[in-house]
Amino acid sequence: MTKLILGYWDIRGLAQPIRYMLEYLGIEYEDKRYVEKNSWFDVKPNMNLDFPNIPYIIDSDVRMTQTWAIMKYLARKHAILFPKTEEEIRNCDVYEEVARDLAMPFFMLCYTHDGFDEAKKKYFGETLPKLLELLEKFLGSSHWMIGDKMTYVDFYFCEVLDVIQLMTSDCLDKHQDIKKYVERFYALEKIAAYRQSDRFKKWPFMSPQAKWGGKCEG
């Protein structure tokens, strides 16, 4: 049986939630990492992808790009991480957008070269707390975003929240339900085993052009 191939830069970035899903689902895969720009751009036109980009996956005759599309494909194919009811599907659709709202300001901060310290202070003092308050209101004491069932959206949320904590370790201390949610995810047996293996790379998260996260920060 041919291994699934996941292609992305040699960073965590947009591929890390997919890596976690593959590990959790027990899918054997090739984690193909492009270290230099040309190593990707030289092969990009010949990848037979409808919309050539990374991350991409090649799964037998399925060749596709875009992080959320890949995550939903894997969740549907392997059933256990895809919402079942119309309400659950609708909630996951909403949470995808909420996850983007959580991630985008942080990504922008990581690429802020002029005035980084001031931007960081504002992000952790104003922007993030407001987002976390809304998120905690809906999460409450639930195990996962839609309740007792884990879905693909949890993999994205927990990756983003983990990296945010790498920048400021105490940023979730006032939001204990969210903190426990993240801890619960990384305590999952297969996720924990992967993170302790030499296949997991804690750094970098961003590209080398980033102000923060483009190299080992600690």
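Remark: I18 CD1 to Y152 OH distance equals 13.0 Å, nearest 0.5 Å. Taking CD from E133 and CD1 from I178, the interatomic distance works out to 9.5 Å, rounded to the nearest 0.5 Å. We find the CG-OH distance between D154 and Y181 to be 3.5 Å, quoted to the nearest 0.5 Å. A distance of 4.0 Å separates SG of C110 from CE of M167, quoted to the nearest 0.5 Å. One distance of note links CG of L81 with CE of M150; it measures 5.5 Å at 0.5 Å rounding. Distance check, rounded to the nearest 0.5 Å: CD1 of I70 to CD1 of I57 gives 5.0 Å.
Under the 4.5 Å side-chain criterion, counting only non-hydrogen atoms from C-beta, M71 is in contact with Y156. Contact check for L74 versus F82: no side-chain heavy atoms found under the 4.5 Å cut-off. Using a 4.5 Å heavy-atom cutoff, the side chains of L128 and L102 are in contact. The shortest side-chain heavy-atom distance between E159 and P17 falls under the 4.5 Å cut-off. With a 4.5 Å cut-off on side-chain heavy atoms, C171 and Q165 count as touching. Side chains of I58 and L6 form no contact here, defined as non-hydrogen atoms less than 4.5 Å apart. The side-chain heavy atoms of R33 and Y8, taken from C-beta on, include no pair separated by under 4.5 Å. For the pair E23/R199, a side-chain contact is recorded, criterion being any heavy-atom separation below 4.5 Å from C-beta on.
Note on E97 versus R100: salt bridge recorded, some NZ/NE/NH1/NH2 to OD/OE distance being below 4.0 Å. For D31 and R19, the salt-bridge test passes: some basic side-chain N is under 4.0 Å from an acidic carboxylate O. Between E30 and K3 there is no salt bridge, since none of the side-chain N atoms of the basic residue sits less than 4.0 Å from a carboxylate O of the acidic one. Taking the charged nitrogens against the carboxylate oxygens, E126 and K121 have no contact shorter than 4.0 Å, which rules out a salt bridge. The existence of a salt bridge linking D114 and K211 is excluded, since no basic side-chain nitrogen approaches an acidic carboxylate oxygen closer than 4.0 Å.
Listed for the R12 side chain is no donor-acceptor partner under 3.5 Å among the backbone atoms of M206. Judged purely by atom type and a 3.5 angstrom limit, T168 has no side-chain atom pairing as donor or acceptor with the backbone of I164. Although no hydrogens or angles enter the test, the distance criterion places no donor-acceptor pair under 3.5 Å between the side chain of K122 and the main chain of D117.
Around atom CG of D170, more than 12 heavy atoms belonging to other residues, nucleotides or ligands sit under 6.0 Å away. Atom NE2 of H78 is surrounded by more than 12 heavy atoms from other residues, nucleotides or ligands within 6.0 Å.
Cluster annotation: F155 is connected to I80 through the hydrophobic network of ILVMFWY side chains, with a link wherever side-chain heavy atoms come within less than 4.5 Å. Transitive grouping of hydrophobic side chains (ILVMFWY, heavy atoms separated by less than 4.5 Å) brings V43 and F41 into a common cluster. If you chain together hydrophobic residues whose side chains sit under 4.5 Å apart, V163 and M104 never meet in one group. Connection of I5 to Y29 is established within a shared hydrophobic cluster, with ILVMFWY side chains joined at heavy-atom distances below 4.5 Å, either directly or through further cluster members. One hydrophobic cluster holds both V62 and M47 under the rule that ILVMFWY side chains link at heavy-atom gaps under 4.5 Å.
In this pair, F205 and F106 present their aromatic rings tilted. The plane angle is within the 30 to 60° band.
Qualifying salt bridge (Lys or Arg N to Asp or Glu O under 4.0 Å) partners for K44, counting only residues two or more places apart in sequence or in other chains: none. In this view, K179 and D173 satisfy the side chain to side chain donor-acceptor pair (under 3.5 Å) rule, not counting sequence neighbours. Checked against side chain to side chain donor-acceptor pair (under 3.5 Å), Q209 has the following partners two or more places apart in sequence or in another chain: S207. Y20 is linked by a ring-ring contact (aromatic ring centres under 6.0 Å, His included) to F185, Y186, Y194, counting only residues two or more places apart in sequence or in another chain.
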Next on the checklist: If you apply the rule ring pair (Phe, Tyr, Trp, His ring centres under 6.0 Å), what do you find for W144 with F157, and how did you get there?
Outcome noted: CA-CA 10 Å; W144 307 111; F157 269 110; over 10 Å; no
Item to check | Evaluation steps, side-chain contact (heavy atoms from CB on, under 4.5 Å), between Y56 and N53 | outcome: CA-CA 7 Å; Y56 68 78; N53 206 342; over 6 Å; no
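Contacts classified as side chain to side chain donor-acceptor pair (under 3.5 Å) and involving residues 64-74 (residues at least two apart or in different chains) are given here: D59-Y73, K72-E96.
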Distance-only donor-acceptor hits, side chain of residues 88-95, under 3.5 Å, sequence neighbours excluded:
from, atom 1, to, atom 2, distance (Å)
E88, OE1, K84, N, 2.7
E88, OE1, T85, N, 3.3
N91, ND2, E87, O, 3.4

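Under the ring-ring contact (aromatic ring centres under 6.0 Å, His included) test applied with W212, the options Y123, W203, F116 reduce to a single match, W203.
Contact between K202 and L166 at its shortest, heavy atoms only, is CE-CD2, 3.5 Å.
Figure legend: cation-pi geometry between K32 and Y34, with NZ or CZ positioned under 6.0 Å from the six-membered ring centre and within 45° of its axis.
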